[in-house]
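Structure, as structure tokens:
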Amino acid sequence: MYHLRELAESLNLPDQLPDCDIAVRCDRILIDALDFRLDLYGWPDNRVVFANKMTGQNTIKRFGHNGRDKCRKFYLECLESIGVDLTALDM
């Protein structure tokens with residue numbers, strides 16, 4: 001995945017998740033809250049790490065350098081599960 005800053009801006013993540021610490025770089029988006037942590041690593045890794053701090057369960061999905069579309073789909077599913085409105089991406 002590329003252009004992660006633009007993705008974070010289009011979703012307006014800081015406003016949608018005001019109680020979370022959010023760090024955005026061109027190759028990574030980190031969302032850290034009290035009960036979860038969601039980390040997206042862009043190309044060449046195309047990796048998503050979702051950690052539930054309450055249960056201690058971690059999910060790590062590596063899609064590799066050719067898995068951009070699968071990585072994006074999984075990341076958007078994770079965002080939706082934590083309450084992020086994705087309608088801005090439909091435009």
Side-chain angles (χ1 to χ4, degrees):
M1 292 182 61
Y2 300 98
H3 311 294
L4 299 183
R5 286 181 197 223
E6 289 84 356
L7 176 63
E9 287 175 10
S10 67
L11 291 173
N12 203 6
L13 289 177
D15 288 340
Q16 288 203 55
L17 301 168
D19 296 332
C20 299
D21 292 326
I22 301 173
V24 178
R25 297 190 320 222
C26 59
D27 63 341
R28 184 176 179 197
I29 299 175
L30 170 64
I31 302 171
D32 194 14
L34 290 175
D35 54 349
F36 70 88
R37 182 180 181 136
L38 179 60
D39 210 352
L40 169 66
Y41 299 88
W43 193 89
D45 295 333
N46 288 322
R47 178 176 65 197
V48 178
V49 179
F50 188 77
N52 184 329
K53 293 180 181 179
M54 305 303 274
T55 64
Q57 182 179 9
N58 295 319
T59 302
I60 302 170
K61 296 270 189 166
R62 292 180 181 90
F63 299 95
H65 64 280
N66 289 327
R68 182 195 68 185
D69 294 334
K70 290 178 184 178
C71 182
R72 179 179 172 88
K73 182 181 179 210
F74 181 72
Y75 183 67
L76 294 178
E77 288 172 3
C78 290
L79 286 176
E80 196 169 38
S81 75
I82 61 173
V84 173
D85 180 17
L86 303 176
T87 56
L89 298 179
D90 294 335
M91 295 182 191

Between atom CZ of Phe50 and atom NZ of Lys61, what is the distance when rounded to the nearest 0.5 Å? 13.0 Å

Does the Asn46 side chain pair with the main chain of Gly64, one donor and one acceptor, at a distance under 3.5 Å? yes

Ile29 side chain reached by Asp39 side chain, heavy atoms, under 4.5 Å: no

Would you say that more than 12 heavy atoms from the other residues, nucleotides or ligands in this model lie under 6.0 Å from the CD1 of Ile60, or not? yes

Any Lys/Arg nitrogen of Asp45 or Arg62 sitting under 4.0 Å from an Asp/Glu carboxylate oxygen of the other? no

Would Leu76 end up clustered with Ile22 when hydrophobic side chains under 4.5 Å apart are linked, directly or stepwise? yes

Shortest non-hydrogen contact between Leu38 and Cys78, atoms and distance: CD1-CB, 3.9 Å

Could you state the interatomic distance from CH2 (Trp43) to CG (Asp27), rounded to the nearest 0.5 Å? 11.5 Å

Just wondering, do Val49 and Thr59 contact through their side chains at under 4.5 Å, heavy atoms? no

Report the distance from atom CG of Asp21 to atom CG of Leu34, rounding to the nearest 0.5 Å. 9.0 Å

Asn52 side-chain N/O to Met54 backbone N/O, donor-acceptor pair under 3.5 Å: yes

Can you check whether Tyr75 reaches Glu77 side chain to side chain, under 4.5 Å on heavy atoms? no

Could you tell me which non-hydrogen atom of Ala88 sits nearest to which non-hydrogen atom of Ser10, and how far apart they are? CB-O, 3.3 Å

Test item: Gln16 side-chain N/O and Asp85 main-chain N/O as donor-acceptor pair under 3.5 Å: yes

Mind checking the CG-CZ spacing from Leu40 to Arg72? Nearest 0.5 Å is all I need. 10.0 Å

Do Ile82 and Leu30 belong together in a cluster built from hydrophobic side chains that touch within less than 4.5 Å? no

Looking at Phe36, is Lys53 sitting on its ring face, NZ or CZ under 6.0 Å from the six-membered ring centre and within 45 degrees of the normal? no

List the atom of Cys71, the atom of Arg47, and the distance in Å for their closest heavy-atom pair. SG-N, 4.0 Å

Just verifying a value: how many Å separate Leu13 CG and Ile31 CD1, rounded to the nearest 0.5 Å? 5.0 Å

